[in-house]
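To start, the structure itself, in structure tokens.
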Amino acid sequence: MAACSPQEKKASPIIEWNPADIIRPPSNDALPDYALLILNQPIHNHVAMIKRLWNHASFRIAADGAANCLHDVAGIHADPSFDDLDVIIGDLDSISQVARNYYETPPRRTNVIYYRDDYSTDFAKAVEHTRARYPPSPKGKDIVVVGSLGGRVDHGISQLHHLYMFQSDPNYNEGKMYFFSGESLTFMLKAGRKHVIRVRDGPAGDKDVFAKWVGILPVKEPSRITTKGLEWDVTDWPTEFGGQMSTSNHILPETRVIEVEATKDVLFTMSLRQM
């Protein structure tokens, strides 16, 4: 058998993504398996989408004052949509007494956990608690985080920072983490992997979950990216803050799968269609 040429590039391990299944589960009744984590951010503009995510989740956790947000858009109006909240966790300095009383009153069975750690955010505490329930495995437990990139810039950057913190395993054995921010879905693409991202199962049309806009963001450090399936594909293209970045790229109408490879971790973000 002939030896491999020194110049022959070793194929990157493939990571498959099916983000559309989170928003619109497949018709074969195989529901996605994920935990839903609500952050203390306004959600009133996206209640319908959050209810969709809520109904598909197998575990639901609120980070401290996020319980106020859920109560304000539903419980206070006698809407039981978010009554089956499993856990509220944090240092409990943001949750209102009204919201806490609501979730601690039967028939609701929410577990309210006081967890004080001045060096950990409520976001981090909620992720830690969720992952403690679902130990790492070849598949892991995916987490869908509901937050917002509007409002204070430092809060928005902090939420993206947490994606880097909690998506450290290159093989995603702890599960994948998705960040829903109302108009977009964002997730981390680890370096040294070929990421195959399914955006639709058939021709472009009314059943599409995603709009056309895509961004690939080297938030932590410079990277080189290669893409396939976008209007402006690139090969071994250097990208960094202060340099060139792939923002406002487009998913082509005929594209069903986007492929991305990166030399360093990057954030991948897609805009959502109004549903």
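We're numbering straight along the sequence, starting at 1. The basis for the numbers below is simple: all heavy atoms, side chains too, and nothing from hydrogens, waters or symmetry mates.
Partner of P218 under the side chain to side chain contact (heavy atoms under 4.5 Å, CB included) criterion, chosen from Q244, K264, M245: M245.
When all heavy atoms of Y102 and G75 are compared, the closest pair comes out as OH-CA, 3.5 Å. Contact record, V199 with F210: O-CD1, 3.8 Å, taken as the closest heavy-atom pair. Between F123 and A63, the shortest heavy-atom distance links the atoms N-CB, 4.3 Å. Nearest heavy atoms, N40 versus G65: OD1-O, 3.4 Å. Across all their heavy atoms, P13 and G192 have their closest contact at CD-O, 3.4 Å.
Side-chain N or O atoms of R60 include one that pairs as donor or acceptor with a backbone N or O of A57 at under 3.5 Å. Y172 places a side-chain N or O within 3.5 Å of a backbone atom of K190 that can act as its donor or acceptor partner. Under a 3.5 Å cut-off, the side chain of T255 and the backbone N or O of G229 do form a donor-acceptor pair. A donor-acceptor contact shorter than 3.5 Å is absent between the side chain of S184 and the backbone of T269. With hydrogens and angles ignored, the 3.5 Å screen pairs no side-chain donor or acceptor of N249 with any backbone N or O of V214. Between the S223 side chain and the A262 main chain, no donor and acceptor come within less than 3.5 Å of each other. In terms of modelled atom types and a separation under 3.5 Å, the side chain of D142 and the main chain of K176 share a donor-acceptor contact. Remark: side-chain polar atoms of Y164 are paired, donor with acceptor, to backbone N or O of V219 under 3.5 angstrom. Looking at S158, its side chain never comes within 3.5 Å of a backbone N or O of D154 through a donor-acceptor pair. Panel note: side chain Y34, backbone L53; a donor-acceptor pair is recorded below 3.5 Å.
Ring-plane geometry between W232 and H250 is classed as tilted, the angle between the planes lying from 30 to 60 degrees on a 0 to 90 degree scale.
A heavy-atom distance below 4.5 Å is not found between the side chains of L36 and F59. Using a 4.5 Å cut-off on side-chain heavy atoms (C-beta onward), T227 and I258 make no contact. In this structure the side chain of H195 reaches within 4.5 angstrom of the side chain of W17, judged on heavy atoms. Using a 4.5 Å cut-off on side-chain heavy atoms (C-beta onward), V144 and L37 make no contact. Looking at F179 and V146, their side chains never come closer than 4.5 Å, going by heavy atoms from C-beta outward. Between I50 and F180, some side-chain heavy-atom pair lies under the 4.5 Å cut-off. Counting heavy atoms from C-beta on, the side chains of D91 and D122 come closer than 4.5 Å. Contact of the H155 side chain with the Q41 side chain is registered, since non-hydrogen atoms from C-beta on lie closer than 4.5 Å.
With values rounded to the nearest 0.5 angstrom, T130 atom OG1 is found 8.5 Å from M177 atom CE. Between the CZ atom in F241 and the CD atom in E221 there is a gap of 12.5 Å [rounded to 0.5 Å]. Remark: L163 CG to L267 CG distance equals 6.0 Å, nearest 0.5 Å. Atom CG of L189 is separated from atom CD1 of I15 by 10.0 Å, given to the nearest 0.5 angstrom. The structure places CG of L85 at 8.5 Å from CD1 of I61, a figure rounded to the nearest 0.5 Å. Interatomic distance, H161 NE2 to K220 NZ, rounded to the nearest 0.5 Å: 10.0 Å.
Within 6.0 Å of the CZ atom in R108, the count of heavy atoms belonging to other residues, nucleotides or ligands exceeds 12. The number of heavy atoms from other shown groups lying within 6.0 Å of CH2 (W213) does not exceed 12.
Take D93 and apply the salt bridge (Lys or Arg N to Asp or Glu O under 4.0 Å) test, not counting sequence neighbours, and it matches no residue. Partners of K194 by salt bridge (Lys or Arg N to Asp or Glu O under 4.0 Å), not counting sequence neighbours, listed by chain and number: E259. Remark: F268 engages F187 in a ring pair (Phe, Tyr, Trp, His ring centres under 6.0 Å) (not counting sequence neighbours). Not counting sequence neighbours, the partners of W54 by the ring pair (Phe, Tyr, Trp, His ring centres under 6.0 Å) test are F82. Qualifying side chain to side chain donor-acceptor pair (under 3.5 Å) partners for T110, counting only residues two or more places apart in sequence or in other chains: none. Legend: residues meeting side chain to side chain donor-acceptor pair (under 3.5 Å) with N68, ordered by chain and number and at least two apart, are S96. Considering only residues two or more places apart in sequence or on other chains, R193 meets the salt bridge (Lys or Arg N to Asp or Glu O under 4.0 Å) condition with none of them.
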(message) Using the rule given for side chain to side chain contact (heavy atoms under 4.5 Å, CB included), can you reason through L92 versus D64, listing the C-alpha separation, both sets of side-chain angles and the distance that settles it, and then say yes or no?
(response) CA-CA 5 Å; L92 306 184; D64 200 347; 4.1 Å; yes
(request) Under the side chain to side chain contact (heavy atoms under 4.5 Å, CB included) rule, what do L230 and L252 come out as? Steps first, then yes or no, please. (result) CA-CA 6 Å; L230 300 175; L252 294 169; over 6 Å; no
(request) Under the side chain to side chain donor-acceptor pair (under 3.5 Å) rule, what do E183 and S271 come out as? Steps first, then yes or no, please. (result) CA-CA 6 Å; E183 297 179 355; S271 59; over 6 Å; no
(request) Determine, step by step, whether E128 and Y115 satisfy the side chain to side chain donor-acceptor pair (under 3.5 Å) criterion, reporting the C-alpha distance in whole Å, the side-chain angles of both residues, the deciding distance to 0.1 Å, and the verdict. (result) CA-CA 11 Å; E128 180 184 332; Y115 180 175; 3.1 Å; yes
(request) Decide yes or no on side chain to side chain contact (heavy atoms under 4.5 Å, CB included) for I23 and M49, but give the supporting numbers first. (result) CA-CA 8 Å; I23 309 298; M49 181 63 78; 3.7 Å; yes
(request) Starting from the C-alpha separation in whole Å, work towards a yes-or-no answer on side chain to side chain contact (heavy atoms under 4.5 Å, CB included) for D117 and K125. (result) CA-CA 9 Å; D117 180 349; K125 293 165 187 171; 4.0 Å; yes
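Salt-bridge formation is detected for the pair R200/D208: a Lys NZ or Arg NE/NH1/NH2 atom is positioned less than 4.0 Å from an Asp or Glu carboxylate oxygen. Ion pair D33/K141 flagged as a salt bridge, since at least one NZ, NE, NH1 or NH2 atom sits closer than 4.0 Å to an Asp/Glu carboxylate oxygen. Under 4.0 Å is where a charged nitrogen must lie from a carboxylate oxygen, and between D201 and R256 no such pair does.
Within the hydrophobic cluster formed by Ile, Leu, Val, Met, Phe, Trp and Tyr side chains joined at under 4.5 Å, directly or through other members, V153 is accompanied by I157. Side-chain heavy-atom separations under 4.5 angstrom define the hydrophobic clusters, and the remaining members of the one that includes V196 are I14, V257.
A salt bridge (charged side-chain N to carboxylate O under 4.0 Å, His left out) check over residues 97-106, counting only residues at least two apart or in different chains, returns the pairs R100-E104. Annotation: salt bridge (charged side-chain N to carboxylate O under 4.0 Å, His left out) contacts involving residues 228-252, sequence neighbours excluded, comprise R224-D236. Here side chain to side chain donor-acceptor pair (under 3.5 Å) pairs that include residues 70-79, with residues two or more places apart or in two chains, are K51-D79, D79-S81.
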